[in-house]
Amino acid sequence: MSEVRVRFAPSPTGFFHIGSARTALFNWLYARHTNGTFVLRIEDTDAARNTEEALEVLLKGMRWLGLDWDEGPEVGGDYGPYFQSQRGDIYQEHLEKLRAAGRTYEQDGAVFFKLDGERYTEFDEYLGKEVEKVRTAPVEIDDAIRGTVVRSEDRDFVIFRSDGSPTFHFVNVVDDIAMKITHVIRGEDHLSNTSKHVELFKAFGARPPQFAHLPLILKDPRMGKGKMSKRDRGSLIEEYQDRHYLPAAVRNAIALLGWNPGDNREIMEIGEIIAAFDIKDIQKGAARFDEDKMAHVNFQYLKALPVETYAWFARPVLTEKGLIPENYSEDHLQRVLALCQEKITSLEALPEFCGYFFTDDYTVDEKARNKVFKKGDPAELAGQVKEALEGVPVENWSAESLEAAFNSLAVAHGQEKPFKWWPLTRFAVSGLSSGPDFLPMLEVLGRKTVLRRLGKLSQA
RNA sequence: GUCCCGUUCGUCUAGCCAGGCCUAGGACACCGGGUUUUCAUCCCGGCAACAGGGGUUCGAAUCCCCUACGGGAUGCCA
């Protein structure tokens, strides 16, 4: 282990936002890259909105993305507890330190942190009233992404609320000190707060950590302006879980939001990402989220999967829709999926794409029907195909034999190629005008099913 | 209002720190063509950017300044 200690300190809200996920990922990547320690600390100081379920969403999302933590909930560690709600004594002790140093005062029941400097009163436009301000010495924030940022705090701020609970700024700094955090990697929305934090670090006589403020993730311009919110499509990790995205793909895509390896690589194994990752290569400007790119990365992963793994991910998608029972034959499942994997860009689209392999109760595409029915008498054509394929015995039911049967059919009708019968046959057996490669599809569908469905159409 | 951060194709970005190798590279999306009897795959091609203005320099996407625009903060939320 190196000396690097980073933390992801989310507040459980019931959602796992993509921006939080990226912050978690970047911290995790940095820890893994440096062989350091990744701490998960739960900032549940806001009792009102922290629930058991909210925490579960978060932990589940972290595990799904493969972001394992070295210290934190469920795994423990030497710097616990890792829930801020359980660290009251530590906060109290630190409060006493500030109090003893004369850096606090009470007002309206709340404890304020007292800034150092000359005091004056000024009308504040934003607050719309006269407030007491302080001329402090500017604070230098050492940011690994932006260089040195200079800012000064000009108003005392609350560190303990009137109900006795500590505030974010206070616990954040106390915990970073107590947990010996060396690098604070977080969203840029915290950059302005950082001067408060540095003041606190100084008041505690602690050296501030190395900061790194990540650019924000903004909405897709088609969805509006500003930073991405939990209401925006694609903003929640839960959504990708529900839509059967591959976790590794989502992780890869998120890593590319504000970071890249410096060359043209995009689809990378996690080991490659860890090896290449460095804070200094993180983008300064905000990124706009692009659904299409996410889908593309997911497809690249899907395509590259061995069919066994593909089936492992696909099976629940099909059982969820009631298309196959839990114990459905692995062998047959893989034969079907092998036809789909190269054609389809998301697992989500699978049920619609291949449902007819598993049930006779599939949806018939009206447009496909119209297209096919225009090309001649469907019943007659279906009958001809049925007759031709009946000549292929079940033990010979293969793409090759089927091709031969179709060719003979063509010859028998004075055609050079059997292409005349194919679209109709596809429609007859699947209700669609497109799908997997034709002959292999018939092979996998099986003799019985193909003849039955052709029979149905030939009598229609 | 004030403070802070940012700004390369529609989008993600390479290049910027160490100025010439940039007629600015890649990817997504889009458009066109092709393959595939189907097709959402695949292949080929195309479109398209240094926010604007000043400087510094023989030379600037790269360095400096200003403006504009975008974002964030300014909470007894985190």
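The model shown is predicted, which means the values in this text are computed figures rather than measured ones. Naming: A, B, ... by sequence-line order, numbering from 1 per chain.
- Under 4.0 Å is where a charged nitrogen must lie from a carboxylate oxygen, and between K227(A) and D189(A) at least one such pair does.
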Worked verdict on K284(A) versus E188(A) for salt bridge (Lys or Arg N to Asp or Glu O under 4.0 Å): CA-CA 10 Å; K284(A) 287 189 181 76; E188(A) 197 194 336; over 6 Å; no

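- Across the strands present, U11(B) finds its partner in A27(B); the criterion is a Watson-Crick or G-U wobble pair with both atom distances under 3.5 angstrom.
- Comparing G75(B), C76(B), C28(B) by their nearest atom to the side chain of D292(A) picks out C28(B).
- No hydrogens or angles were tested; on distance alone, a donor-acceptor pair under 3.5 Å links the side chain of N193(A) to the base of A78(B).
- The nucleotide A51(B) finds its pairing partner in U67(B), both defining distances of the Watson-Crick or G-U wobble pair being shorter than 3.5 Å.
- If you take atom P in A27(B) and the same atom in C65(B), they sit 36 Å apart, rounded to whole Å.
- The nucleotide C76(B) finds no pairing partner, because no Watson-Crick or G-U wobble arrangement with both distances shorter than 3.5 Å includes it.
- Taking the six-membered ring where the residue is Trp, H94(A) and F204(A) present perpendicular rings, their angle passing 60° and hence far from 30°.
- Under the 6.0 Å cut-off for aromatic ring centres, F8(A) and W28(A) do not qualify, their centroids lying 6.0 Å or more apart.
- For the pair K343(A) and F353(A), the NZ or CZ position fails the cation-pi test of under 6.0 Å to the six-membered ring centre and within 45 degrees of the ring normal.
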Nucleotides 1-3 of chain B: which of its N/O atoms have a protein N/O under 3.5 Å away?
| from | atom 1 | to | atom 2 | distance (Å) |
| --- | --- | --- | --- | --- |
| C3(B) | O2' | R151(A) | NH1 | 3.3 |

Atom pairs under 3.5 Å, N or O on each side, protein against nucleotides 63-70 of chain B: can you list them with distances?
none

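- Using a 4.0 Å heavy-atom cutoff across all strands shown, H169(A) reaches at least one base atom of the nucleic acid.
- The stretch residues 108-120 of chain A touches RNA chain B through D108(A), A110(A), each having a heavy atom within less than 4.0 Å of the strand.
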Step-by-step side-chain contact (heavy atoms from CB on, under 4.5 Å) determination, L55(A) to F83(A): CA-CA 11 Å; L55(A) 177 67; F83(A) 289 88; 3.7 Å; yes

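- Two residues are said to be in side-chain contact when any heavy atoms from C-beta on lie closer than 4.5 Å; P10(A) and S20(A) fail this criterion.
- Of the candidate nucleotides C4(B), G72(B), C28(B), C28(B) has the atom lying nearest to any side-chain atom of K293(A).
- Between C16(B) and A61(B), the distance separating the two C1' atoms is 7 Å to the nearest Å.
- Comparing L216(A) and T167(A) against RNA chain B, the residue whose closest nucleotide sits nearer the 5' end is L216(A).
- Taking atom P in both A68(B) and G53(B), the straight-line distance is 15 Å, to the nearest Å.
- Dashed line: the shortest gap from a side-chain N or O of Q283(A) to OP1 or OP2 of A14(B) is under 4.0 Å.
- Using a 3.5 Å distance cut-off with no hydrogens or angles, the side chains of D156(A) and Y105(A) do pair a donor with an acceptor.
- Annotation for A144(A) and Q210(A): closest pair N-OE1, 3.3 Å, computed over non-hydrogen atoms.
- Under the 6.0 Å cut-off for aromatic ring centres, F406(A) and W422(A) qualify, their centroids lying closer than that.
- Listed candidates were A73(B), U74(B), C4(B). Nearest to the side chain of K227(A) is A73(B).
- With distances taken from any side-chain atom of E266(A) to the nucleotides C5(B), G10(B), G26(B), the minimum falls on G26(B).
- Checking the phosphate oxygens (OP1, OP2) of A14(B), a side-chain nitrogen or oxygen of N260(A) falls inside 4.0 Å.
- Under 3.5 Å, the side chains of N193(A) and R151(A) contain no donor-acceptor pair of N or O atoms.
- Taking 4.0 Å as the cut-off between side-chain N and carboxylate O, E239(A) and R233(A) do not count as a salt-bridged pair.
- Toward the 5' end of RNA chain B, the nearer of the two residues H296(A) and V158(A), judged by each one's closest nucleotide, is H296(A).
- By the 4.0 Å N-to-carboxylate-O rule, E43(A) lies too far from R87(A) to be salt-bridged with it.
- Residues that satisfy the salt bridge (Lys or Arg N to Asp or Glu O under 4.0 Å) test with E199(A), not counting sequence neighbours, are absent from this structure.
- Judged by the 6.0 Å and 45° rule, R22(A) forms a cation-pi pair with F26(A).
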Show me the protein contacts with nucleotides 50-52 of chain B, counting only N or O atoms at under 3.5 Å.
none

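- Among the heavy atoms of the strands lying under 4.0 Å from L127(A) are primed sugar atoms or P, OP1, OP2 only; no base atom is included.
- Nucleotide U37(B) forms a pair with no other nucleotide shown, judged by Watson-Crick or G-U wobble geometry with both contacts under 3.5 Å.
- Taking atom C1' on both nucleotides, G1(B) is separated from C9(B) by 36 Å, rounded to a whole Å.
- For F168(A) and H197(A), the ring centers are positioned less than 6.0 Å apart.
- When distances are taken from the side chain of A287(A) to each of C12(B), A14(B), A78(B), the shortest belongs to C12(B).
- Comparing the C1' positions of A48(B) and C43(B) gives an interatomic distance of 22 Å, to the nearest angstrom.
- Distances shorter than 4.0 Å separate none of the side-chain N or O atoms of R146(A) from OP1 or OP2 on C4(B).
- Remark: R41(A) engages D176(A) in a salt bridge, criterion side-chain N to carboxylate O under 4.0 Å.
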Contact letters for nucleotides 36-45 of chain B, in which S counts primed atoms plus P, OP1 and OP2 and B counts the base, heavy atoms under 4.0 Å: -BBBBSS---

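- D163(A) and R161(A) are not joined by a salt bridge, as no carboxylate oxygen comes within less than 4.0 angstrom of a charged side-chain nitrogen.
- Figure legend. G20(B) is base-paired to C58(B); pairs are counted as Watson-Crick or G-U wobble with both atom distances under 3.5 Å.
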